[in-house]
Amino acid sequence: MSLVIGVPKETAVGEKRVATVPEVVEKLIKLGFSVAVQSGAGEAANCGDDAYRAAGAEVVNDAAALWSKADIVFKVRAPSAEEVGLLREGGTLISFIWPAQNPELMQQLAARKATVLAIDSLPRTLSRAQKMDALTSQAGVAGYRAVIEAANAFGRFFNGQITAAGKVPPAKVFIAGAGVAGLAAIGTAAGLGAIVRANDTRAEVADQVVSLGGEFVKVDYEEEGSGGGGYAKVMSEGFQAAQRAMYAQQAKEVDIIITTALIPGKPAPRLITAEMVQSMRPGSVIVDMAAEQGGNCELTVPGEAVVRHGVTIIGYTDLVGRLSKQSSTLYATNLFRLTEELCKTKDGNIDVNMEDEAIRGLTVIKDGAITWPPPAPKQAAAAPAAAKPVAAAPAAKGHGHGASEPMAGSTLAIISVVAAGLFWLIGAYAPASFLGHFTVFVLACFVGYMVIWNVTPSLHTPLMSVTNAISSIIAIGALVQIAPPIEAGAAGRPDELIRWMAVVGIGLTCINMFGGFAVTRRMLAMFRK
């Protein structure tokens, strides 16, 4: 018998997202599940009840009826105490839980003998887990929306313009934190034409910042900032002092600051002080994306946009919900990919496999037993050092055949004498014209080899560099055949067959070379998007 997936309406104030959308409902049904959705659950995300019915879901009017019907509950926000009471005993809940911040909720869910998969606890370092990474998908939406909110509150264009009324300089944007949300903000702000600067404690993200059109601002203090799992760590006091000095300088120069710094399980670090806000130009904007965890700015008011010292400080905690349709679709896709991992048999039943590292990391409660925090991730076994080849014992004298020994000096001398004799015979008895052509042929082989294999790949792959070098030599040879030296006269003109073969050769060479450049250009364009 297939299980029922229930999608209740979110009860958190201001939450507009829904845990699944009609397009994903169809895919869940193909996995063998039945889907029930509470009436009105998707209205704020532009997903009406009729759309869910058309996708094959059952629409249930009452929340209690939905919770009692569902074997598996999909949610966005962590459930309230009232919703925990509605959860079926022994049921399964998949949602954001934040177990480190919600110990009481964990105890309440364990008392219901539930199995709880916290989507925020996914081990993000696993490459196969990326398709289930809701933190990343939602952070990308939040970063984009933060720039839109900043543009709305800012009093000028983002891009520089020259108009009949005068010149408008481009906006300067500083982004503190270059994680997923920060990178999304960098790309969006750069796309709008702003001058973008960014900083992060993890030095390895500098190339990503530059690739998106930003400038990486380095703190004048050497310390590694990666905390593992894709997150930053708490830095030393010396680093923080140098970082504050850099932020103070940026605050005086830029028009917009967007802060994204969060450390799991800890309050948001304070990066922007009241003095920094006061030093900013009137009309500037700060978007504090960490407002829900206390804020990166000292003057942030969570959930509100306030004006302090002429600076608008936006502390909205629902940035993702302000693009509810997009964020709901992405989140629903993440949950569907997780369901695929739980239901590999496609029979409408799930298997919470605690041997699977990704599933184990997600599972914070299993059948009422709290399993969070998960064990440390398994370290990949170090590859055994390659055994040094044992030197072969020298072969006995007279039994050297089959052994890989250097060529004996006497053998090399014999080969050289034979080769010299062959060249002398060719020079003594071959026609003079043959000797000239043969000499050119040998030199051409040597020069061609040295030219082709010494081409340095730059924007091309090594293979394309070699083929372009070969094509160039072919083109030169063909041109010589088509247009012989003028002083050669009529006797030096090539036959018509040779002439047309040279023309065809040039045509094919051009196709190869220009086609190679076109392919390279398209490949590079893919990485610029």
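Quantities reported herein were computed from a predicted structural model and do not represent experimental measurements. Computed over heavy atoms, backbone and side chain alike; hydrogens, waters and symmetry mates excluded.
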Q: Side chains of N296 and T300: does their closest heavy-atom pair fall under 4.5 Å?
A: no
Q: Please check if the side chain of Q161 supplies one atom and the backbone of V168 the other of a donor-acceptor pair under 3.5 Å.
A: no
Q: Quick one: do W372 and S121 satisfy side chain to side chain contact (heavy atoms under 4.5 Å, CB included)? Show the steps, please.
A: CA-CA 9 Å; W372 186 88; S121 297; 4.1 Å; yes
Q: Does some side-chain heavy atom of E215 sit less than 4.5 Å from a side-chain heavy atom of V209?
A: no
Q: Do V364 and L117 make a side-chain contact, defined as non-hydrogen atoms from C-beta onward lying under 4.5 Å apart?
A: no
Q: Quick check for you: to the nearest 0.5 Å, what is the distance between K325 atom NZ and R17 atom CZ?
A: 15.0 Å
Q: Determine the minimum heavy-atom distance between V277 and C297, stating which atoms define it.
A: CG2-SG, 3.8 Å
Q: Between E43 and K9, is the closest basic N to carboxylate O distance under 4.0 Å?
A: no
Q: At what distance, to the nearest 0.5 angstrom, does OG of S328 lie from CG of N46?
A: 9.0 Å
Q: Taking the side chain as C-beta and beyond, is there a heavy-atom pair between T136 and R124 under 4.5 Å?
A: yes
Q: Hey, is CD on E104 packed in by over 12 heavy atoms from elsewhere, all under 6.0 Å?
A: no
Q: Has the side chain of D200 got a donor or acceptor atom that lies under 3.5 Å from a matching backbone atom of V205?
A: no
Q: So, applying side chain to side chain contact (heavy atoms under 4.5 Å, CB included) with Y331, which one of V320, V141, V24, V76 is it?
A: V76
Q: Begin from the C-alpha positions of E23 and T329 and carry the test side-chain hydrogen bond (donor to acceptor under 3.5 Å, both in side chains) through to its verdict.
A: CA-CA 8 Å; E23 298 88 345; T329 301; 5.3 Å; no
Q: Taking side chain as C-beta onward, heavy atoms only, is M132 less than 4.5 Å from E341?
A: yes
Q: Would you call K75 and E10 a salt bridge, using N to O less than 4.0 angstrom?
A: yes
Q: With a 4.5 Å cut-off on side-chain heavy atoms, are K172 and V196 touching?
A: no
Q: Locate the shortest heavy-atom distance separating S324 from A44; write the atom from each residue and the value.
A: OG-O, 2.8 Å
Q: Do R77's NZ or CZ and the ring of F96 fall within the cation-pi criteria of under 6.0 Å and 45°?
A: no
Q: Which atom pair, heavy atoms only, marks the closest approach of G140 to V180?
A: N-CG1, 3.8 Å
Q: Take I256 and F174, measure what side chain to side chain contact (heavy atoms under 4.5 Å, CB included) needs, and give me the verdict at the end.
A: CA-CA 6 Å; I256 296 168; F174 177 72; over 6 Å; no
Q: For Y247 and N199: C-alpha separation, side-chain torsions, deciding distance, then whether side chain to side chain contact (heavy atoms under 4.5 Å, CB included) applies.
A: CA-CA 9 Å; Y247 284 159; N199 168 261; 3.3 Å; yes
Q: Do the charged groups of R360 and E357 touch, with an N to O distance under 4.0 Å?
A: no
Q: Measure the shortest side-chain to side-chain distance between L338 and N334 over non-hydrogen atoms and say whether it is less than 4.5 angstrom.
A: no
Q: Main chain of K366, side chain of T363: is a donor-acceptor contact present, judged purely on distance under 3.5 Å?
A: no
Q: Test your reading of the model: is there a side-chain donor-acceptor pair from N102 to the backbone of I97, 3.5 Å cut-off?
A: yes
Q: Rounded to the nearest 0.5 Å, how far apart are CG of D133 and CD1 of I119?
A: 8.0 Å
Q: If I take atom OG1 from residue T259 and atom CG from residue L271, how far apart are they, to the nearest 0.5 angstrom?
A: 6.5 Å
Q: Would one find more than 12 heavy atoms of other residues, nucleotides or ligands at under 6.0 Å from atom CZ of F157?
A: no
Q: When rounded to the nearest 0.5 angstrom, what distance separates CD in E149 from CD1 in I258?
A: 10.5 Å
Q: If you define the side chain from C-beta out and look only at heavy atoms, does anything of D351 sit under 4.5 Å from L342?
A: no
Q: Kindly give the heavy-atom pair with the smallest separation between C343 and L31, and that separation in Å.
A: SG-O, 3.8 Å
Q: Please lay out, stage by stage, how V285 and D255 fare under the test side chain to side chain contact (heavy atoms under 4.5 Å, CB included).
A: CA-CA 7 Å; V285 179; D255 304 299; over 6 Å; no
Q: Please find the pair of heavy atoms, one from V7 and one from A41, that lie closest to each other, and give the distance.
A: O-CB, 4.2 Å
Q: Can any side-chain N or O of S284 pair as donor or acceptor with the backbone N or O of M280 at less than 3.5 Å?
A: no
Q: In Å, rounded to the nearest 0.5 Å, how long is the span from CD1 of I286 to CZ of R308?
A: 11.5 Å
Q: Using a strict cut-off of less than 4.0 Å between a Lys/Arg side-chain nitrogen and an Asp/Glu carboxylate oxygen, indicate whether D318 and R322 qualify as a salt bridge.
A: yes
Q: Strictly distance-based, threshold 3.5 Å: is any side-chain N or O of E304 a donor or acceptor partner for the main-chain N or O of V301?
A: no
Q: Which pair of non-hydrogen atoms, one from I365 and one from A110, has the smallest distance, and what is that distance?
A: CD1-N, 3.8 Å
